[in-house]
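Read the structure below first, then the notes.
Chain A is the first sequence line, chain B the second, and so forth, proteins listed ahead of strands; every chain is numbered from 1.
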Number of protein chains: 2
Amino acid sequence: MVSTPLPYRPHNHAACVEQALADARRICTDASARLTPTRERVLELIWQSHKPLGAYDLLAALTLDGHNAAPPTVYRALDFLQQHGLVHRIASLNAFTGCTHAGDHHTGFFLICRQCHNVLELASPDLDGAVEQAAQAQKFAVEKSTIEIAGLCPACQSGTPPEGTHCHE
Amino acid sequence: MVSTPLPYRPHNHAACVEQALADARRICTDASARLTPTRERVLELIWQSHKPLGAYDLLAALTLDGHNAAPPTVYRALDFLQQHGLVHRIASLNAFTGCTHAGDHHTGFFLICRQCHNVLELASPDLDGAVEQAAQAQKFAVEKSTIEIAGLCPACQSGTPPEGTHCHE
DNA sequence: ATTAGCGATGTTATAATGTTTCACTAATTT
DNA sequence: AAATTAGTGAAACATTATAACATCGCTAAT
Ligand SMILES: [Zn+2]
Ligand SMILES: [Zn+2]
Ligand SMILES: [Zn+2]
Ligand SMILES: [Zn+2]
């Protein structure tokens, strides 16, 4: 299992990506799902960025690969990756990010820096519990939680946004 | 102040809408903000539906009014209404709903029925606290919370989805 | 080997959502 | 009244996502 990434701190990103891909291969094998070249490449691109990528960012990257891809190519790959818990869609950004808890059943939530655009995925039983409790009070049956917290990451609060390529600049 | 709406139960909807509009007028007056006819009409349309409406749903409704509106007309009105806490955008639906706590400073969250598309806005200090605590543990400064819970409302769980017009049907 | 089935992909077109820009008008301030 | 500001109209454009249908490649039964 990939360790929780630390997008706010330096790390060996190539190894980080490779670990995520290795995990994905295993997860798909276990599920008898086919992590085809296109799907794997999309996942790799998402992990390489470590910041949420839009579908058309991915499309452009595939085009650079020489892959003559159209929007459905990307959206299909993203659907597959989401269904197998390998990526999450960030609704407030219309973008996709690698799941850092792939394989676990989990309800993630996201801390999204509005300045450097880094995203940190966390899981909090307390938060899940608070959601479930509030829902139960209304007799509402929870199926899917979308919890996206926008603000400033520690680095950006201190005026030193993390260096590195930002894919939407 | 408008009482908490009960979208899952019958109510005098015309009075509900009128109350929301009266509240909005007062809030805007207090803030020296201009609730112009277009803005007020958009707010009225949103409240009349009592289910989230997309920007282009609103645009179509304005067109039916005889208002020769273009997309920016709607988005500008929505921006104004959001800035004054009169409507919320539901990111997971690309749609807008009337704020049931207008005037309060609050961090709302939403229970969204995937079947009847009713939305219930709630505020939960426990939930807010869990979010703030999880963020603080990462030294993340929260600015805006997007918490949208999808599932089934009580009526739809029991197989009797609330009657009434559904605007996206 | 043949062929029907099926998942995945290619391809084109289109739908749905959201923004930029500039010219113009109405309201407010001085 | 003049200057300033806020709001609107209108056209074009940009971005995000899906529909529809053809095709390819593998597999499994015939
Ligand atoms: Zn995850
Ligand atoms: Zn940051
Ligand atoms: Zn609200
Ligand atoms: Zn329902």
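Taking 3.5 Å as the limit, the base of C:dG10 and the side chain of A:Arg76 contain a donor-acceptor pair of atoms between them. Residue A:Tyr56 places a side-chain atom within donor-acceptor reach of the base of D:dA17, judged by atom type and a 3.5 Å distance cut-off alone.
Here the nucleotide nearest the side chain of B:Pro72, chosen from C:dT9, C:dG18, C:dT19, is C:dT19. Checked against C:dT21, C:dG7, C:dT11, the side chain of A:Arg34 finds its nearest nucleotide in C:dG7. Which of C:dT9, D:dT18, C:dT20 sits closest to the side chain of A:Tyr75 comes down to D:dT18. Taking the side chain of B:Asn68 as heavy atoms from C-beta on, and the options D:dA10, D:dA19, D:dG9, the nearest nucleotide is D:dA10.
For the atom pair CG of A:Asp65 and CD of A:Glu44, the computed distance is 8.5 Å after rounding to the nearest 0.5 Å.
Residue A:Leu78 contributes atom CG, which lies 12 Å from atom C1' of D:dT16 at whole-angstrom precision. B:Leu93 places its CG atom 19 Å from the P atom of D:dT16, with the value rounded to the nearest Å. Rounded to whole angstrom, the span from the CG atom of B:Leu59 across to the P atom of D:dA11 amounts to 14 Å. B:Leu53 places its CG atom 15 Å from the P atom of C:dA16, with the value rounded to the nearest Å. If you measure from atom CD of B:Gln83 to atom C1' of D:dA6, you get 13 Å, rounded to the nearest angstrom. The distance from atom CG of A:Leu58 to atom P of D:dA17 is 11 Å, rounded to the nearest whole Å. If you measure from atom CZ of B:Phe80 to atom P of D:dA6, you get 13 Å, rounded to the nearest angstrom. Rounded to whole Å, atom P of C:dT9 lies 10 Å from atom CG of A:Leu35.
Neither OP1 nor OP2 of D:dG7 sits under 4.0 Å from any side-chain N or O of B:Thr38. The side chain of A:His67 contributes no N or O atom lying less than 4.0 Å from OP1 or OP2 of C:dT9. Dashed line: the shortest gap from a side-chain N or O of B:Asn94 to OP1 or OP2 of C:dG18 is under 4.0 Å.
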Determine, stepwise, if the pair B:Thr73 / B:His67 fulfils side-chain contact (heavy atoms from CB on, under 4.5 Å).
CA-CA 10 Å; B:Thr73 302; B:His67 184 155; 4.0 Å; yes
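Within the 4.5 Å cutoff, no side-chain heavy atoms of B:Gln82 are placed close to those of B:His88.
Both B:Leu122 and A:Val131 are members of a single hydrophobic cluster when ILVMFWY side chains are connected at heavy-atom separations under 4.5 Å.
A salt bridge links A:Arg25 and A:Glu40; the closest N-O separation between the charged side-chain nitrogens and carboxylate oxygens is under 4.0 Å.
Comparing B:Ala69 and B:Arg39 by the nucleotide of DNA chain D whose heavy atom lies nearest to each, the residue mapping closer to the 5' end is B:Arg39.
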